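Below is one structure, written out as structure tokens, with a few remarks after it.
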Amino acid sequence: MAVPWEEYFRLALQEKLPAKIPGQSVDHFPPVLRLLEKRQELVDADRGLQAQKEVFQTTRAALKERWEQLEQKEQELKGSFVRFDKFLKDTEARRTRALRRAAQERLQADRREAEALRLRAQFEELQRERARLRCRLERLEPCARLLGRVLEQLPEFQEVPELVARFDGLVDMQAALRLTERQRLAELEEARARLQRLRDAGQGELLGQGRRRAQLLQRLEAARERTLRWESKWIQIQNTGAEKTLLLGRTRIAALNLFQLVCRHKTHPPALDIEDTEGQLEQVKLFILDLSAMLTSLGQAKPTPAC
């Protein structure tokens with residue numbers, strides 16, 4: 001931690017000033033001597049301070065020079081670090097390039113080896129093909145001589161390849177005709193199968209139609225029977241309705257006749273509609289009840305004969 005200049009000089013002055021003699025009284029010295037003593041002390045203190053200042057300046061200059069040297073060394077070390085880092089990066093890049101180049105060389109070597117193996121296998125295959133063609137040539141040599149003799153007998157062909165080409169054309173035509181024949185046979189079989197399926201489907205449809213016709217005939221007969229049954233029931237209902245209507249008419253006429261008879265015996269007959277059969281029957285009922293009550297009262301009031 002840095003010490004301020006004033007504090008530093010004050011401490012140095014305290015160190016240079018002579019300590020007072022203990023027990024000695026300041027009154028034994030005259031003021032002039034004390035003043036001289038103080039002046040001498042100040043001069044000694046100034047000399048000491050000047051010496052300390054010179055030492056401090058010298059030390060400061062040395063420290064500054066040392067600091068500059070340290071900074072220079074630091075810059076040199078930084079430059080060395082940068083150069084060393086660059087050297088490491090260059091070394092790593094060269095190593096990476098060398099590894100990549102070695103890998104590429106190994107890959108190229110593997111490819112060349114694989115290509116050599118492929119070419120060797122192809123060469124062996126060509127040798128086998130050559131041997132096979134030689135055997136075939138030896139086997140077809142009599143055929144070639146035969147073709148030569150045939151060519152001599154057929155003047156329209158100039159070379160053997162023309163004859164072979166003509167034969168190949170005929171073979172191709174025969175193969176095409178056979179293929180066409182097979183296709184036509186296949187189409188014929190397919191048409192026959194389709195016709196059979198259509199016949200089967202038609203027969204099935206006819207059978208289905210027959211079954212549906214029989215079912216419809218059965219339903220028609222059942223409907224006719226239901227119609228006859230309902231017609232007979234309707235005639236019976238109509239007959240019953242006519243009888244009920246006739247009976248109702250007769251009942252209404254009878255009720256009207258009874259009501260008219262009741263009205264003849266009443267002083268003030270009720271005014272009812274001619275179609276109000278229920279009201280008419282109600283009036284007849286009330287009249288009959290009145291007559292019954294009257295007859296009952298007459299029977300009770302009849303005197304008993306004397307014995």
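These numbers were taken from a predicted model, which means no experiment stands behind them.
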Output the distance between atom [atom1] ([X]) and atom [atom2] ([Y]), rounded to the nearest 0.5 Å.
| X | Y | atom1 | atom2 | value |
| --- | --- | --- | --- | --- |
| Glu221 | Thr227 | CD | OG1 | 11.0 Å |
| Arg199 | Leu206 | CZ | CG | 13.0 Å |
| Gln72 | Leu77 | CD | CG | 11.0 Å |
| Leu256 | Arg252 | CG | CZ | 10.5 Å |
| Asp90 | Phe87 | CG | CZ | 8.5 Å |
| Arg229 | Ser232 | CZ | OG | 8.0 Å |

Give the table of side-chain donor-acceptor pairs shorter than 3.5 Å for residues 100-115, with sequence neighbours excluded, one pair per line with atom names and distance.
| unit_1 | atom_1 | unit_2 | atom_2 | d |
| --- | --- | --- | --- | --- |
| Glu115 | OE1 | Arg118 | NE | 3.4 |
| Glu115 | OE1 | Arg118 | NH2 | 3.4 |
| Glu115 | OE2 | Arg118 | NH2 | 2.3 |

Discussion item. In this structure, would Val262 and Ile288 fall into the same cluster of hydrophobic residues linked by side-chain contacts under 4.5 Å?
Written reply: yes
Worksheet item: Are Ile253 and Leu281 joined in one hydrophobic group, where the rule is that I, L, V, M, F, W and Y side chains link up if heavy atoms are under 4.5 Å apart?
Response: no
Tell me if the [atom1] atom of [X] is crowded by more than 12 foreign heavy atoms within 6.0 Å.
| X | atom1 | result |
| --- | --- | --- |
| Gln236 | CD | no |
| Arg130 | CZ | no |
| Glu71 | CD | yes |

Practice prompt. May I have the step-by-step check of side-chain contact (heavy atoms from CB on, under 4.5 Å) for Leu220 and Leu216, ending in yes or no?
Written response: CA-CA 6 Å; Leu220 179 60; Leu216 291 174; over 6 Å; no
Worksheet item: Are Glu125 and Arg128 close enough, and set up right, to give a side-chain contact (heavy atoms from CB on, under 4.5 Å), and what steps lead you there?
Response: CA-CA 5 Å; Glu125 182 66 24; Arg128 287 192 295 270; 2.5 Å; yes
Going by distance alone, is a donor N or O of one side chain under 3.5 Å from an acceptor N or O of the other, for [X] and [Y]?
| X | Y | answer |
| --- | --- | --- |
| Gln209 | Glu205 | yes |
| Gln40 | Asp44 | yes |
| Arg83 | Ser80 | yes |

Side chains of [X] and [Y]: does their closest heavy-atom pair fall under 4.5 Å?
| X | Y | answer |
| --- | --- | --- |
| Lys89 | Lys86 | no |
| Glu243 | Leu247 | no |
| Arg94 | Arg97 | yes |

Fill in: Note: Glu124-Arg120 ion pair, threshold 4.0 Å (strictly below)
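A salt bridge is absent here (no side-chain N lies under 4.0 Å from a carboxylate O).
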Item to complete: Please report the C-alpha distance between Leu177 and Met173 in whole Å, then the side-chain angles of each, then the deciding distance to 0.1 Å, and finally whether the side-chain contact (heavy atoms from CB on, under 4.5 Å) criterion is met.
Response: CA-CA 6 Å; Leu177 291 175; Met173 184 179 296; 4.2 Å; yes
Item to complete: Measure from NZ or CZ of Lys64 to the centre of the six-membered ring of Trp67, then state whether that distance is under 6.0 Å and the direction lies within 45° of the axis.
Response: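 Not flagged: Lys64 not positioned over aromatic ring of Trp67.
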Practice prompt. Return the set of residues passing side chain to side chain contact (heavy atoms under 4.5 Å, CB included) with Arg66 (not counting sequence neighbours), or none when no residue passes.
Written response: Gln69, Leu70, Lys73
Worksheet item: Listed by chain and number, what are the side chain to side chain contact (heavy atoms under 4.5 Å, CB included) partners of Glu92, not counting sequence neighbours?
Response: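 Only Arg95, Thr96 meet the side chain to side chain contact (heavy atoms under 4.5 Å, CB included) criterion with Glu92.
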Discussion item. Show, in sequence, the C-alpha distance, side-chain angles and deciding distance for Glu189 and Arg192, and conclude whether the side-chain contact (heavy atoms from CB on, under 4.5 Å) test is met.
Written reply: CA-CA 5 Å; Glu189 291 296 330; Arg192 288 177 179 176; 3.6 Å; yes
Fill in: Gln196 vs Asp200, side chain to side chain donor-acceptor pair (under 3.5 Å): CA-CA, chis, key distance, verdict
CA-CA 6 Å; Gln196 187 63 33; Asp200 296 339; 3.2 Å; yes
Item to complete: Return the minimal non-hydrogen interatomic distance between Phe259 and Val284, and the atom names on each side.
Response: N-CG2, 3.8 Å
